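Working notes, structure below.
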Amino acid sequence: MAPSGLRAVCLVVLLVCVVSPTRAQLIPIKTIPIAQGDQFQIFPANNLGMGSASIALADSLADPFANPAMGTRLTGSRFFGSPTLYSVSRNAGGGRSLPFAVLTRRAMWYGGLALALQQVDPSRPPQPDGLFLRGGAVQVFPNSPDPVIPGPDMRAHGNEYAFAMVGRDLPGSKLSIGASALWTGLHALDGVDLLYAGSQRVAQDGHALDLRLGAVKAWPGERGDRFLEALVLHNDFAATHTVTYADQYWDPGLQIFRQRARIEHNVDQTRTWGLHFKYTVPLTSAGWRIGWIGTLNRSSHPKIPNYELANVPAIPRDPGYTTAFDLGIGLSKVRGLASFGADVVFEPIRSYTWAAAETPMSTVSGDTLAVGAKTIENHFRFANALLRLGVGRDIELPGEKKVLGLQLGLMLRSVHYNLSQQDNVQDLQRRLTTGWMEWTPTWGLSLRFPEFELRYAGRTTNGAGRPQSTFQVGWVGVDVALAGGTLLAAPDGPLNLTHVKTTTHQISLSLPLR
């Protein structure tokens with residue numbers, strides 16, 4: 001495999017884990033269909049069971065966490081608890097979250113606080129027989145003087161979340177502004193430990209800080225209010241992966257094979273600035289509404305980890321940046337006890353990454369690249385699409401203000417991208433075109449009483465997979481390119497992922513404080 005091919009395979013993986021604690025208006029980016037658990041689904045939401053439709057359908061629970069100015073819709077003070085559990089099929093991983101939140105309002109002011117503790121199980125290769133290997137120490141030869149090298153760490157590791165929000169209505173203007181901050185202490189990101197093939201263990205340590213400033217403006221009308229929402233956000237993500245390898249070597253003095261530990265520290269950093277707008281208007285007095293969204297994310301990647309893949313040497317990578325857009329339209333109807341919501345979102349994304357020469361390098365054409373010159377350039381062009389739709393129906397139960405709610409929904413995400421790579425050392429070009437589809441059925445059940453509200457929501461994501469113990473990455477649908485009169489064949493081997501399902505369950509309890 002040519003060096004440019006090796007680097008391209010590695011760079012196809014680089015965006016998989018450039019994922020910070022994701023809320024609305026942070027556009028996710030994936031370049032291979034690795035299944036990852038919903039570990040950041042920690043806040044309560046009304047519409048989870050309806051496919052998370054949210055453009056034209058209001059969500060009184062989730063909206064203040066996405067845009068702090070939406071706290072203006074709070075009618076009183078409430079306490080929330082929303083324990084969440086996710087699992088990956090075939091014993092490939094899982095996690096648990098226990099968040100608590102308080103949202104309160106007093107006259108023109110409103111605010112909220114939330115804390116969450118989380119445990120994430122170590123990611124494991126999927127086991128068709130339902131068994132998995134427990135962690136231990138690397139086996140060495142009986143008479144070897146080598147120290148015992150620690151094996152995989154099979155313990156669950158914890159993450160911590162702290163959220164704060166404050167906002168105010170401006171009298172007489174139907175305008176509200178709000179600000180929020182979310183800090184996350186990270187010690188386990190689901191799926192990261194599978195990206196270092198051949199390693200004995202991966203220790204993660206990092207943090208994320210999400211800052212938001214939002215505003216919402218309302219215009220009353222005969223058919224209903226029109227709303228314009230605006231949001232500016234900044235998200236800073238930084239993590240370090242301490243990776244331990246066991247290298248075997250031949251000791252000519254003792255005439256035996258020995259092992260020694262090799263530790264690498266990989267830094268993962270991403271900084272994102274975002275801008276989001278949403279405008280919703282009533283269509284008719286029968287409860288139909290339509291909405292539009294526009295979102296811009298501009299991300300810089302100061303440092304990308306040197307992931308190790310089986311049969312693919314680790315190649316250092318240098319900075320890059322990404323520009324991502326969300327352009328969507330939504331339709332909803334709420335009439336009586338029935339509700340419906342549907343969203344269609346188009347996501348064009350452009351990402352540019354490169355590698356820089358650490359020493360002067362000679363090219364095949366006889367030129368010399370100076371230190372810092374770009375040796376490899378990669379242009380990703382995404383054309384992703386997202387569909388969310390759902391229905392809900394409330395049923396009044398015998399008694400005073402007792403309501404049973406039922407929800408069903410579906411989410412579809414299509415990922416399609418082109419990669420164009422230029423090797424300035426070998427004067428070669430490569431092109432890759434690939435994509436996949438993920439689908440997520442959702443369901444929900446709620447019981448609402450005057451004293452409290454109890455909600456359950458579940459969903460199962462299909463269409464992605466986890467690598468086996470031997471993680472092989474190949475090229476799918478490669479457009480063969482000609483460079484210098486040479487036919488460049490694609491590297492051998494298909495993408496080797498075992499299909500798994502990720503299932504999430506959330507129970508939300510809401511109590512009025514007055």
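Since we're looking at a predicted model, the values are computed, not measured. Just so you know, these numbers use all the heavy atoms, side chains as well, and skip hydrogens, waters and symmetry mates.
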### Message
So Arg459 and Thr502, do their side chains get closer than 4.5 Å, heavy atoms only?
### Response
no

### Message
What's the separation between atom CZ in Arg430 and atom CD in Gln422, rounded to the nearest 0.5 Å?
### Response
12.0 Å

### Message
Quick one, Asn266 and Tyr196 - any side-chain contact, counting heavy atoms below 4.5 Å?
### Response
yes

### Query
If we only count heavy atoms from C-beta on, is the Leu103 to Tyr110 side-chain gap below 4.5 Å?
no

#### Entry: Minimum heavy-atom distance between Ala114 and Ala101, given as atom pair plus value
CB-CB, 3.8 Å

### Query
Do Thr84 and Ile42 touch side chain to side chain, with heavy atoms closer than 4.5 Å?
no

### Query
Distance from Thr244 atom OG1 to Glu264 atom CD, nearest 0.5 Å?
9.5 Å

### Query
Side chains of Tyr417 and Ser351: do they bring a donor and an acceptor to under 3.5 Å?
no

### Task
Determine, for Asp225 against Lys174, whether the closest basic-nitrogen to carboxylate-oxygen distance falls under 4.0 angstrom.
no

### Message
Quick check on Arg381: does its CZ atom have over 12 non-hydrogen neighbours (other residues, nucleotides or ligands) under 6.0 Å away?
### Response
no

### Query
Is any side-chain heavy atom of Trp354 less than 4.5 Å from a side-chain heavy atom of Pro319?
yes

### Query
What distance separates Leu57 CG from Phe340 CZ, expressed to the nearest 0.5 Å?
9.5 Å

### Query
So, Asn424 side chain and Lys374 main chain: donor-acceptor pair closer than 3.5 Å or not?
yes

### Message
Within the supplied structure, the quantity of interest is the number of heavy atoms (other residues, nucleotides, ligands) at a distance under 6.0 Å from Lys217 NZ; does it exceed 12?
### Response
yes

#### Entry: Pair His187-Asn159, side-chain donor/acceptor within less than 3.5 Å
no

### Query
Mind checking whether Phe380 and Thr353 have side chains closer than 4.5 Å, heavy atoms only?
yes

### Message
Exactly one of Gln118, Gln41, Gln39 should register a side chain to side chain donor-acceptor pair (under 3.5 Å) with Ser97. Which one does?
### Response
Gln118

#### Entry: Axial cation check for Tyr279 ring with Arg226, 6.0 Å and 45° limits
no

### Message
Quick check: closest heavy atoms across Gln204 and Leu189, and the distance to 0.1 Å?
### Response
OE1-N, 2.9 Å

### Query
Which heavy-atom pair separates His157 from Ala188 by the least distance, and what is that distance?
CB-CB, 3.9 Å

### Query
So, Asp169 and Thr72: side-chain donor and acceptor under 3.5 Å apart, yes or no?
yes

### Task
Go through the side-chain N and O atoms of Glu377 and Tyr352 and say whether any donor and acceptor fall under 3.5 Å apart.
yes

## Note on the structure
For Ala370 and Ala357, the nearest pair of non-hydrogen atoms, with its separation, is O-CB, 3.7 Å

### Message
Please check: side-chain N/O of Gln506 versus main-chain N/O of Ala457, any donor-acceptor pairing under 3.5 Å?
### Response
no

### Task
State whether the number of non-hydrogen atoms from other residues, nucleotides or ligands found under 6.0 Å of Leu369 atom CG is greater than 12.
yes

### Query
Within the side chain of Asp38, is there an N or O that forms a donor-acceptor pair under 3.5 Å with the backbone of Thr504?
no

### Task
Report yes if the side chains of Leu428 and Gln421 come closer than 4.5 Å at any heavy-atom pair, otherwise no.
no

### Step-by-step side-chain hydrogen bond (donor to acceptor under 3.5 Å, both in side chains) determination, Asn46 to Ser60
CA-CA 7 Å; Asn46 283 330; Ser60 60; 2.9 Å; yes

### Task
Over all heavy atoms of both residues, which pair between Gly328 and Ile55 is shortest? Give the atoms and the distance, please.
C-CD1, 4.1 Å

### Query
Do side-chain atoms of Thr375 reach the backbone of Ala355 as a donor and acceptor pair under 3.5 angstrom?
yes

### Task
Applying side chain to side chain contact (heavy atoms under 4.5 Å, CB included), run through Asp205 and Thr242 and close with a yes or a no.
CA-CA 8 Å; Asp205 183 55; Thr242 302; over 6 Å; no

#### Entry: Working for side-chain hydrogen bond (donor to acceptor under 3.5 Å, both in side chains), residues Thr280 and Arg289
CA-CA 7 Å; Thr280 60; Arg289 296 186 65 87; 3.2 Å; yes

### Query
Do side-chain atoms of His234 reach the backbone of Thr272 as a donor and acceptor pair under 3.5 angstrom?
yes

### Message
Tell me which one of Phe43, Phe80, Trp183, Phe100 satisfies ring-ring contact (aromatic ring centres under 6.0 Å, His included) with Phe163.
### Response
Phe43

### Message
Show the nearest heavy-atom pair for residues Ala66 and Gln25, with the distance to one decimal.
### Response
O-OE1, 3.2 Å

### Task
Supply the atom-to-atom distance Asn235 CG to Leu209 CG, rounded to the nearest 0.5 angstrom.
7.5 Å

### Query
So how far is it from Arg413 CZ to Arg388 CZ, rounded to the nearest 0.5 Å?
8.0 Å

